[in-house]
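Chain letters run A, B, ... following the sequence lines, proteins first and then strands; every chain starts at 1.
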Amino acid sequence: MEEQLKQLQAEALEKVAAAANLKELNDVRVAYLGKKGPVTEVLKGMGKLSAEERPKMGALVNVVREDITKAIEEKQVTLEVAAIEEQLAKESIDVTLPGRPVKAGGHHPLTRITEEIEDLFIGMGYTIAEGPEVEQDYYNFEALNLPKGHPARDMQDTFYITSELLMRTHTSPVQVRTMLKHAGKGPVKIICPGKVYRRDSDDATHSHQFNQIEGLVVGENIRMSDLKGTLDAFAKKMFGADREIRLRPSFFPFTEPSVEVDVSCMCGGKGCSICKGTGWIEVLGAGMVHPNVLEMAGFDSTKYSGFAFGMGQERIAMLKYGIDDIRHFYTNDLRFLQQFSVHE
Amino acid sequence: MFVSYKWLEQYVDLSGVTPQELAEKITRAGIEVEGVETPASEMKNIVVGYVQSREQHPNADKLSKCLVDVGEEEPVQIICGAKNVDAGQYVAVAKTGAVLPGNFKIKRAKLRGEESNGMICSLSELGIESRLTPKEYAEGIFNFPNDVTPGEDALAALNRDDAILELSLTPNRSDALSMIGVAYEVAAILGRDVKLPQPNPAESTEKAADSIQIRIDAPEDNPLYIARVVKNVKIGPSPLWMQTFLMNAGVRPHNNVVDITNYVLMEYGQPLHAFDLDRLGSNEIVVRRADEDEKFVTLDDTERTLSADQLVITNGKEPVALAGVMGGANSEVHEGTVNVLIESAYFDGQIVRTASKAHGLRSEASARFEKGVDPARVQAACDRAAELMAELAGGTVLSGSVVAGELNVEPKKVSITLERLNTRLGTDLQMGGVEDIFRRLQFDTETNGNEITVTVPTRRSDITIPEDLTEEVARLYGYDHIPLTLPEGESQPGGLSPYQLGRRVVRRYLEGAGFNQAVTYSLTSEKRAAQFALEVRQPVALAMPMSEERAYLRESLLPHLIEAAAYNNARQMASAALYETGSVYLNEGENVQPKEEERLAGVITGMWHEHLWQGEKKAADFFTVKGIVEGLAARIGLADRLTFQKSAPEGFHPGRTAEVLLDAEPIGVVGQLHPSLAKEMDLKEAYLFELKLDMLLNADREDLSYVPIPRFPSIGRDIALVVESTVEAASLETVIKQAGGSLLTSVRVFDVYEGERMEEGKKSVAFALTYADPEKTLTDEEVTAVHEKVLAALKEQAGAELRA
């Protein structure tokens with residue numbers, strides 16, 4: 001019987017070693033250790049043994065059983081690892097194939113510029129004011145010191161709807177409306193972005209519809225130097241910390257004094273095609289609010305003063321991104337728009 | 001305004017200041033110099049030549065063989081093609097080795113077998129625009145008058161070595177529309193003196209008043225009219241210096257009398273007109289409004305029909321000039337003119353503008369009247385012209401001027417305190433510095449303590465209030481010297497309004513969902529104006545549109561968005577998702593501002609999802625746009641408040657379009673573009689939405705507050721219902737929700753089936769129901785009780801049977 005057991009053990013261990021996969025291994029386990037397997041059979045035959053032999057054989061059976069079980073368990077681990085590896089090998093993919101695209105659009109470049117400027121001034125304590133695009137002649141012109149027949153009205157060719165209604169030619173009427181709301185009490189500190197319209201034929205540099213963003217500060221003792229400091233901060237944040245501004249006297253009916261504001265060119269003054277060799281790029285119009293404008297908006301011009309500035313988002317975007325044709329902004333070509341989904 | 005550097009030097013010392021430096025200084029002080037032209041810089045080696053002889057070229061009919069003295073030992077032979085070349089002429093010669101504009105190099109050449117050592121030049125070959133060259137030289141070579149020497153620099157003799165500054169004037173600075181005005185400006189900038197002409201014509205004993213009388217019948221339009229009479233003039237070319245200065249200023253020379261009026265116009269900024277006194281037709285000048293439909297032939301030989309809003313100069317019977325705009329052919333100065341009447345007048349800007357606009361005649365003269373001339377120069381300019389006519393045309397100036405009307409030439413006084421000046425500018429100027437600036441401007445000042453009172457000369461009509469003085473000080477002090485500060489005083493927090501913030505959230509949501517933001521035009525065609533409008537009104541029309549395409553204000557964003565999708569589709573970008581936020585304009589009646597409402601619209605065409613190598617493709621459909629709108633509502637806190645009702649507005653697919661309601665209020669539309677419209681635009685399927693963004697963002701909503709996460713498990717029950725095909729899912733959902741009560745936490749459609757396995761006219765809709773109780777774990781029995789109620793309600797209210 002001992003002989004028989006030894007032989008069974010040897011046979012079983014051999015078969016365990018030979019098992020090629022988990023199923024074969026399981027077959028071996030069932031065959032040798034199962035209820036009908038030979039080891040169990042040996043155990044069943046133990047009743048016939050003598051009382052001295054029985055414990056000895058019992059121990060031997062257990063040893064054989066444990067040896068076989070252990071061998072099976074070890075083999076099982078090996079086979080499982082192999083099976084996983086095989087599975088993983090089968091599941092291998094080409095990681096260089098394109099991923100599933102996530103849809104994402106983006107801001108129109110004009111919105112991008114507008115929000116950038118809005119945020120910059122919000123940080124300096126400004127709020128955003130908006131107003132109608134179809135305006136009354138009064139708010140668009142008269143309240144801005146441009147009475148009917150004023151020669152400077154030629155500078156702004158206007159789309160009229162009736163003699164008293166027009167498409168606003170600038171966002172300045174929003175300044176007037178805001179000042180009137182303040183009813184003569186400062187401070188006023190606003191940014192007015194929006195669409196404006198001029199009677200122009202559309203070409204590479206003209207558009208009958210474009211955007212403006214204007215700023216207005218009214219308070220006691222607002223100085224020209226405050227305008228200069230504010231625009232200097234703007235230019236540095238918008239175009240780069242190394243940029244400078246330069247004020248040139250100019251004329252607008254609603255400001256006095258009036259200035260054009262140039263920002264130093266990225267060429268660093270060496271002269272390039274963008275600044276036409278001058279080292280400076282004209283970016284803004286600005287000035288101290290004309291006392292007539294303050295008075296018409298209900299502010300005492302001896303007590304209050306203010307500054308205002310304005311610029312065009314299209315021009316800023318064209319300068320900043322190197323866009324060569326203003327019509328691109330209104331064609332909505334995806335090949336154009338998609339370039340501005342990128343966060344800088 | 002073109003300003004000749006050499007001409008300007010007559011009034012102000014420019015030594016040590018190059019034209020480029022001057023241009024920069026003028027620009028920085030307030031008048032933009034757009035460019036500086038230096039004609040001679042692109043030419044060299046051009047001298048005066050004397051044509052000693054001319055003979056026919058032996059081999060060419062149209063060429064002449066000339067021997068020309070160019071100031072060298074031997075004359076040179078030059079072949080010339082100009083018809084007007086002849087012996088005895090002084091001409092401009094580009095010698096061998098010379099360079100002409102456009103880098104045109106002159107080389108020794110053989111022309112039809114004859115040697116040619118240079119070229120005899122026309123004025124246009126020397127870079128003068130042909131519209132400016134005197135008519136007699138327009139076709140051929142130029143002849144110098146006799147006061148030149150062979151070999152001398154021809155460019156200097158022609159003032160081509162000048163520098164011409166192009167000034168771009170803002171409407172307030174019409175004072176710089178004259179050489180003297182520019183001289184005052186430059187003198188102030190440089191801190192130098194102005195040397196003005198002091199006209200003092202020698203007069204004969206004969207009185208001008210005996211030759212002419214003047215009457216003004218329209219004193220408001222013409223407050224002052226001054227005339228002088230110059231007799232026995234000899235019409236001929238004006239001297240070369242005058243002709244070349246005029247050409248450099250952009251004025252074409254004609255003859256001495258006309259050139260003198262133009263020269264004085266440019267010098268003083270006062271327009272003048274010269275009449276042939278003998279052709280005037282009477283000895284009186286009457287200034288009056290034109291009669292309606294009165295006919296008049298201007299000196300360009302065009303018959304004009306006048307109207308009563310225009311001013312004419314007449315001889316008492318008929319017009320001889322359209323005031324301030326153009327003279328008449330009947331009284332024009334011509335070759336045979338002997339006696340001249342010089343008109344120097346002040347015409348109202350508005351009446352001149354009306355006439356120049358009506359006849360499309362904008363001239364140097366009308367431009368100056370429109371902006372207002374200096375009342376103090378009317379007499380001086382007249383005297384100056386008379387003096388020059390005596391000097392340069394041999395005329396006799398009759399004694400005195402004939403003057404009608406009068407003008408106030410009293411200068412204004414404007415005051416400002418030093419404090420106000422400094423607080424407006426943010427500077428720390430002293431009174432002495434301020435006084436010095438006004439001294440440079442040649443403004444008289446009077447200081448009284450801290451206040452300075454400035455007497456503003458009439459030439460500077462733009463200065464009327466203290467702020468104008470501030471500007472004069474600032475621009476001459478230099479903006480570069482003003483410090484950089486930030487506003488002081490009470491500050492306020494900046495920020496976006498809730499509405500503005502909401503708009504940004506909406507944009508980011510849509511962009512995150514795959515849309516690109518578009519910006520389209522607000523102006524559109526009549527056809528598109530009310531297309532797709534949520535609220536159709538009579539579109540608002542422009543009074544004078546530039547084109548039919550941009551003649552009306554839009555009532556919907558969709559037409560241009562669809563156009564943008566079609567544009568992209570035509571350029572191989574068939575899958576487009578575009579959105580726009582912007583105003584629509586709703587007519588509220590004539591002369592009333594239209595109601596502007598902010599809208600949000602979108603268009604999707606082509607594939608919504610595509611992953612090529614895995615063969616995944618999902619075309620956009622109705623449920624794509626609907627999902628986007630629902631997601632948007634959820635994003636802005638209106639999750640369960642939108643409903644969709646089948647609807648068939650114009651332009652949309654009648655079976656695939658829904659009206660969108662917020663609570664019970666219509667706020668928009670989602671649906672498919674009508675296939676026949678899509679076809680018109682060369683689009684396949686396109687899905688659209690337009691929503692009233694203002695209503696969405698302004699809707700009342702509850703403040704965000706935390707709801708505890710369920711602590712007890714939920715129980716799910718799925719049901720498949722068989723209903724009539726026409727029954728809408730939303731109505732079933734309503735029944736389920738009502739019957740399910742508070743334990744029912746969610747209802748979702750997970751399957752819809754209609755087809756062979758269903759009875760005709762029936763469909764199956766399957767819902768997944770979830771039950772939960774926040775306070776405890778539900779038992780199966782509790783759920784079953786509610787669920788049975790749901791099923792009973794479905795059967796009763798919607799005729800829905802459980803699918804077998």
Is the backbone N or O of [Y] less than 3.5 Å from a side-chain atom of [X], with the two atoms forming a donor-acceptor pair by type?
X: A:His290; Y: A:Asn292; answer: yes
X: B:Thr354; Y: B:Gln350; answer: yes
X: A:Glu314; Y: A:Leu110; answer: no

Using a strict cut-off of less than 4.0 Å between a Lys/Arg side-chain nitrogen and an Asp/Glu carboxylate oxygen, indicate whether [X] and [Y] qualify as a salt bridge.
X: A:Glu116; Y: A:Lys237; result: no
X: B:Glu580; Y: B:Arg554; result: yes
X: B:Lys595; Y: B:Glu597; result: yes
X: A:Arg177; Y: A:Glu130; result: no
X: A:Lys236; Y: A:Asp232; result: yes
X: A:Glu115; Y: B:Arg507; result: yes

Practice item. Please assess A:Val196 against A:Phe210 for the test side chain to side chain contact (heavy atoms under 4.5 Å, CB included), listing each intermediate value before the final yes or no. Key: CA-CA 5 Å; A:Val196 300; A:Phe210 58 101; 3.4 Å; yes
Which atoms of [X] are under 4.5 Å from chain A, going by heavy atoms: the side chain, the backbone, both sets, or neither?
X: B:Tyr567; value: side chain
X: B:Thr520; value: both
X: B:Gln500; value: side chain
X: B:Ala541; value: backbone
X: B:Arg420; value: side chain
X: B:Ser547; value: neither
X: B:Val519; value: both
X: B:Glu610; value: backbone
X: B:Ala518; value: both
X: B:Pro483; value: both
X: B:Thr427; value: neither
X: B:Asn591; value: both
X: B:Glu24; value: side chain
X: B:Pro466; value: neither

With chain A as the partner, which of [options] has the greatest number of non-hydrogen pairs under 4.5 Å?
options: B:Gly30, B:Gly478, B:Gly495; result: B:Gly495
options: B:Tyr579, B:Tyr521, B:Trp608; result: B:Tyr521
options: B:Gly349, B:Ser522, B:Pro594, B:Gly582; result: B:Ser522
options: B:Leu553, B:Val592, B:Asp468; result: B:Asp468
options: B:Arg475, B:Gln492, B:Arg504; result: B:Arg504
options: B:Gly426, B:Ala29, B:Gly514; result: B:Gly514

With only heavy atoms counted, which part of [X] is less than 4.5 Å from chain B, the side chain, the backbone, both or neither?
X: A:Tyr197; result: side chain
X: A:Ser341; result: side chain
X: A:Asp202; result: side chain
X: A:Pro109; result: neither
X: A:Asn211; result: neither
X: A:Phe307; result: side chain
X: A:Val259; result: side chain
X: A:Ser207; result: side chain

Only pairs of heavy atoms separated by less than 4.5 Å count here; which of [options] has the most with chain B?
options: A:Arg248, A:Glu260, A:Arg199, A:Met288; value: A:Arg199
options: A:Ile190, A:Asn221, A:Thr127; value: A:Thr127
options: A:Leu166, A:Thr302, A:Leu337, A:Asp333; value: A:Asp333
options: A:Gly125, A:Gly229, A:Gly106, A:Ser201; value: A:Gly106
options: A:Ile191, A:Asp119, A:Leu334; value: A:Leu334
options: A:Lys189, A:Arg100, A:Met167; value: A:Arg100

Review point. Can you tell me if A:Tyr160 and A:Asp137 form a side-chain donor-acceptor pair at under 3.5 Å?
Key: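 Per modelled atom types, A:Tyr160 and A:Asp137 side chains form a pair under 3.5 Å.
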Review point. Should we say atom CD of B:Glu419 is surrounded by more than 12 heavy atoms from elsewhere, each under 6.0 Å from it?
Key: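 Correct, the count exceeds 12.
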Practice item. Look at the aromatic rings of A:His108 and A:Phe329 and report parallel, tilted or perpendicular, splitting at 30° and 60°. Key: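 Taking A:Phe329 first and then A:His108, their aromatic rings sit tilted (interplane angle of 30° to 60°).
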Review point. Relative to each other, are the rings of B:His611 and B:His609 parallel, tilted or perpendicular (30° and 60° limits)?
Key: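 Ring orientation of B:His611 relative to B:His609: tilted.
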Practice item. Grab the two heavy atoms, one from A:Arg112 and one from A:Phe340, that are nearest each other, plus how far apart they are. Key: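 Here A:Arg112 and A:Phe340 meet closest at NH1-O, 2.7 Å.
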